[in-house]
Amino acid sequence: MRLGEGFFGRDVLVVAPELLNKVLVAGGCRGRIVEVEAYGGADDPASHGYRGMTPRTEVMFGPPGKLYVYFTYGMHWCANVVCGADGECAAVLLRALTPLDGVEVMRERRPKARRDRDLCSGPAKLTAALGIDGDHNGADLVSASHGIEIRDDGTPPPAAPTQTGRVGVTRAADRPWRWNVPASPDVSRPS
DNA sequence: CCGCCGATCTTT
DNA sequence: AAGATCGGCGGG
């Protein structure tokens, strides 16, 4: 079943680990979510929304269940699921997937990937593999407005997900807001 | 396998 | 000027 607004409209620290083992569907491909990170708002110095709403972060402050897609390092796209109540700033960064379906298409989109586990093992790798870019900013996952949705296929989240500090952040680096599926070979880095 | 470095450009 | 990254290269 497709996840609905009730799922996303809760505390981001609750939603993030529950997204593990859900299935992301986009661009004719499917992948199982194995790594996520939570980002807050005014309470979180590492968040894009820390200093309030800007044109870039507008979606992060809106209703839950939307996709916040941002451009970084001059060449990469990263995708977040907006959480919490409308007006709050909170989102979950999708950091890695296990490729499930459409692997051939993923390979065409990411010709540099050598092994299957390199296709979606990073936030900008998975967007490239599934064809997600700036056109998908603000997409509604609840109605699959842009052909993107998140599904529960009956696989529960891990009972004891691995929890670490967030990758690549310099501020609030000690906050344990990254979660991944234990022993998954498809995460962005070993934990 | 690991660490370093350059690419590339938007946002602050 | 830094950044929620990636991939190539060199060394162990």
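Every chain is numbered from 1 and lettered A, B, ... according to where its sequence line falls, protein lines coming before strand lines.
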### Message
Quick check: on DNA chain C, is the nucleotide nearest A:Ala91 upstream (toward 5') of the one nearest A:Lys112, or the reverse? Name the residue that is more 5'.
### Response
A:Ala91
Output the rounded distance in Å from [atom1] ([X]) to [atom2] ([N]).
X: A:Leu93; N: C:dG3; atom1: CG; atom2: C1'; value: 14 Å
X: A:Glu58; N: B:dT11; atom1: CD; atom2: P; value: 13 Å
X: A:Arg189; N: C:dA4; atom1: CZ; atom2: C1'; value: 11 Å
X: A:Arg117; N: C:dC6; atom1: CZ; atom2: C1'; value: 16 Å
X: A:Asp118; N: B:dC1; atom1: CG; atom2: P; value: 10 Å
X: A:Phe71; N: B:dT8; atom1: CZ; atom2: P; value: 11 Å
X: A:Met75; N: C:dC6; atom1: CE; atom2: P; value: 11 Å
X: A:Leu126; N: C:dA4; atom1: CG; atom2: P; value: 16 Å

Listing, residues 84-99 of chain A side-chain donor-acceptor contacts under 3.5 Å, not counting sequence neighbours, or none:
from	atom 1	to	atom 2	distance (Å)
A:Arg95	NE	A:Glu35	OE2	2.7
A:Arg95	NH2	A:Ser188	OG	3.1
A:Thr98	OG1	A:Asp186	OD2	2.7

For a quick test of reading the model: is some side-chain N or O of [X] closer than 4.0 Å to OP1 or OP2 of [N]?
X: A:Arg178; N: C:dA4; result: no
X: A:Thr170; N: C:dG3; result: yes
X: A:His48; N: B:dT11; result: no
X: A:Arg95; N: C:dT5; result: yes

With a non-hydrogen cut-off below 4.0 angstrom, is [X] in contact with a base, only sugar-phosphate, or nothing?
X: A:Arg56; result: sugar-phosphate
X: A:Ala46; result: base
X: A:Arg114; result: nothing

### Task
Between C:dA4, B:dT11, C:dG7, spot the one nearest the side chain of A:Ser47, thanks.
C:dA4
### Query
In terms of side-chain heavy atoms of A:Tyr73, which of C:dA4, C:dC6, C:dT5 is nearest?
C:dT5
### Query
Where does DNA chain C form stems of at least three consecutive Watson-Crick or G-U wobble pairs, each pair having both distances below 3.5 Å?
B:1-7 with C:5-11, B:9-11 with C:1-3
### Message
Between the side chains of A:Arg166 and A:Glu37, is the shortest nitrogen-to-carboxylate-oxygen separation below 4.0 Å, so that they form an ion pair?
### Response
no
### Message
For C:dA4, is there a stacking contact with A:Tyr70, counting only centres under 5.5 Å and planes under 30°?
### Response
no
### Message
Checking the side chain of A:Asp118 only, and the main-chain atoms of A:Asp116 only, is there a donor and an acceptor separated by less than 3.5 Å?
### Response
no
